[in-house]
Amino acid sequence: MMNTRTILLGLSVSMPALAANAAAQDANPVSTSGFVDTSMFVPIAGYAAADDQVTFGLDQVEVDVEVTPTDDTTLRADFNVFPAAGVPTADDLVEQGYLEYRTDSGFFLQAGKRNAPVGAECIDPVDMYQYSYGQLFTSATPSNLTGLFLGVSSGDFMAMAWVSNGWDMPTTPRAATPGLRLELGLDKGHIGLSSTYGPAASDDPYAMVDLDAGFELGSLTLLGEVNVGSADDYTLTGGLLTANYAFTDAFSATLRADYLHIDAAEATDQASVTLAGLVSVSDNFGALAELRTDLPKGADPVLTGAVELTAYW
């Protein structure tokens with residue numbers, strides 16, 4: 001998945017800096033990165049009086065460690081804390097933790113917990129175009145998977161298959177869930193197809209197919225996603241379209257529209273529209289302002305605002 005917001009917030013570095021980092025990696029196989037993410041959330045309309053309060057939050061603190069002891073082996077551990085979520089479990093503390101073995105022929109193996117290779121939106125705020133997640137991210141796709149991942153990459157094509165625990169679960173005995181991702185890289189973007197089916201031992205396994213794409217057209221970046229999922233008594237369909245336009249190297253604007261329909265005992269039909277502005281304050285500090293409207297069918301709109309400040313290294 002493309003992380004063009006990384007450019008807007010200054011995470012991409014100059015070529016001299018990349019060369020210096022590569023030289024440092026030759027001497028030291030350990031690299032670290034991370035961020036501190038804070039926000040102000042503002043309920044504007046559609047909230048009950050008890051929830052109609054401005055909230056200031058330390059949303060997330062993350063430290064990532066990557067070790068490359070040999071040319072073909074990588075160890076990755078991402079540790080994060082969500083202070084507002086209360087006392088975390090061990091699985092909550094470790095966003096990612098996996099080993100990777102890769103050969104010169106393009107074959108790779110990953111074992112452990114990693115960000116799910118599904119969908120158009122990324123999980124970390126430094127890689128997002130707006131403050132909030134879209135409905136497909138929160139309701140239709142997994143965030144992290146723990147299991148065994150096997151794949152091969154050749155030129156612009158990548159294929160990966162996996163067997164994992166249930167979505168976003170550290171352990172699920174006798175409930176393995178297989179999945180697949182195919183991705184084609186293009187000169188100015190990518191097209192990806194992902195699917196999962198499971199848990200295999202369940203009496204009612206859930207089948208999901210997700211198509212995502214991203215394109216960079218000069219200063220304009222487009223992201224699109226379509227998702228279909230079903231079980232015996234549950235069907236979900238949804239779509240997302242995001243457009244980000246970089247007016248300057250330091251400022252861009254994003255417009256996202258998405259739609260989600262869940263056909264179950266109690267049907268859900270909702271659209272949302274989000275407008276955000278991103279500013280790169282310095283090389284390691286970014287700011288974002290968002291205005292979002294959720295439009296549930298048969299109910300009043302919900303309007304929210306947010307300001308987010310993120311520092312990273």
Side-chain angles (χ1 to χ4, degrees), residues 1-12 37 39 41-42 44 115-141 143 156 181 183-194 209-228 236-261 269-281 286-296 301-310 312:
M1 290 182 284
M2 297 183 304
N3 298 337
T4 307
R5 181 187 171 189
T6 302
I7 298 174
L8 301 170
L9 291 183
L11 283 179
S12 64
D37 183 52
S39 70
F41 179 76
V42 184
I44 299 174
N115 296 152
V118 181
E121 292 193 311
C122 299
I123 191 171
D124 286 335
V126 292
D127 298 324
M128 295 170 59
Y129 292 106
Q130 64 288 313
Y131 168 77
S132 63
Y133 297 109
Q135 297 181 96
L136 298 188
F137 185 95
T138 56
S139 302
T141 60
S143 299
D156 295 327
R181 179 169 178 83
E183 183 171 319
L184 178 64
L186 307 172
D187 289 341
K188 297 295 183 178
H190 80 278
I191 298 175
L193 177 67
S194 306
V209 176
D210 187 279
L211 177 67
D212 67 271
F215 303 96
E216 294 184 0
L217 308 173
S219 299
L220 177 65
T221 298
L222 297 175
L223 296 179
E225 184 177 0
V226 176
N227 185 284
V228 178
L236 180 151
T237 55
L240 172 147
L241 181 62
T242 298
N244 173 270
Y245 188 83
F247 293 93
T248 68
D249 291 340
F251 173 73
S252 75
T254 299
L255 178 64
R256 181 187 66 195
D258 61 6
Y259 170 79
L260 181 68
H261 174 74
D269 200 357
Q270 179 166 293
S272 75
V273 179
T274 303
L275 178 65
L278 296 81
V279 178
S280 178
V281 181
L288 180 154
E290 174 186 287
L291 186 65
R292 171 170 173 161
T293 303
D294 287 277
L295 304 166
V302 177
L303 182 62
T304 60
V307 175
E308 183 180 35
L309 303 177
T310 307
Y312 39 84

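The first residue in the sequence is number 1, and the count goes up from there. Predicted model only: the values in this text are computed from it and were never measured.
Contacts of Tyr133 classified as ring-ring contact (aromatic ring centres under 6.0 Å, His included), with partners at least two apart in sequence or in another chain: Phe137. Take Leu211 and apply the side chain to side chain contact (heavy atoms under 4.5 Å, CB included) test, not counting sequence neighbours, and it matches Ile191, Leu193. Listed by chain and residue number, Asp210 satisfy the side chain to side chain donor-acceptor pair (under 3.5 Å) test with Asn227 (two or more places apart in sequence, or in another chain).
Scanning both residues, Ile44 and Gly305, for their nearest heavy atoms gives CD1-N, 3.8 Å. Considering every non-hydrogen atom in both Leu240 and Gly134, the closest pair reads CD1-CA, 4.5 Å.
Considering only heavy atoms from C-beta on, Val118 stays 4.5 Å or farther from Arg181 through its side chain. Annotation: side chain of Val209 is not in contact with side chain of Val226 (no heavy-atom distance under 4.5 Å). Looking only at side-chain heavy atoms (C-beta outward), Leu186 and Phe215 come within less than 4.5 Å of each other.
If you take CG on Asp156 and NE2 on His190, they are separated by 12.5 Å, rounding to the nearest 0.5 Å. Rounding to the nearest 0.5 angstrom, the gap separating the CG atom in Leu291 from the OG1 atom in Thr304 is 7.0 Å. If you take CG on Leu241 and OH on Tyr259, they are separated by 16.0 Å, rounding to the nearest 0.5 Å. Atoms CG and CD, from Leu278 and Glu290 in turn, are 10.0 Å apart once rounded to the nearest 0.5 Å. Between the OG atom in Ser252 and the CZ atom in Phe247 there is a gap of 8.5 Å [rounded to 0.5 Å]. Distance NE2/His261 to CG/Asp269: 6.0 Å, rounded to 0.5 Å.
Side-chain atoms of Ser139 never come within 3.5 Å of backbone atoms of Leu136 as a donor-acceptor pair (strictly under, hydrogens ignored). Side-chain atoms of Glu225 come within 3.5 Å of backbone atoms of Ala120 as a donor-acceptor pair (strictly under, hydrogens ignored). Of the possible donor and acceptor atoms, none in the side chain of Gln130 sits under 3.5 Å from a partner among the backbone N and O of Arg256. At distances below 3.5 Å, not a single donor-acceptor pair connects side-chain atoms of Ser39 with backbone N or O atoms of Phe41. For the pair Ser194 (side chain) and Pro117 (backbone), a donor-acceptor distance under 3.5 Å is present. Checking side-chain atoms of Gln135 against main-chain N and O of Gly238 turns up no donor-acceptor pair under 3.5 Å.
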Step-by-step side-chain contact (heavy atoms from CB on, under 4.5 Å) determination, Asp212 to Leu223 = CA-CA 7 Å; Asp212 67 271; Leu223 296 179; over 6 Å; no
Determine, step by step, whether Thr254 and Leu288 satisfy the side-chain contact (heavy atoms from CB on, under 4.5 Å) criterion, reporting the C-alpha distance in whole Å, the side-chain angles of both residues, the deciding distance to 0.1 Å, and the verdict.
-> CA-CA 10 Å; Thr254 299; Leu288 180 154; over 6 Å; no
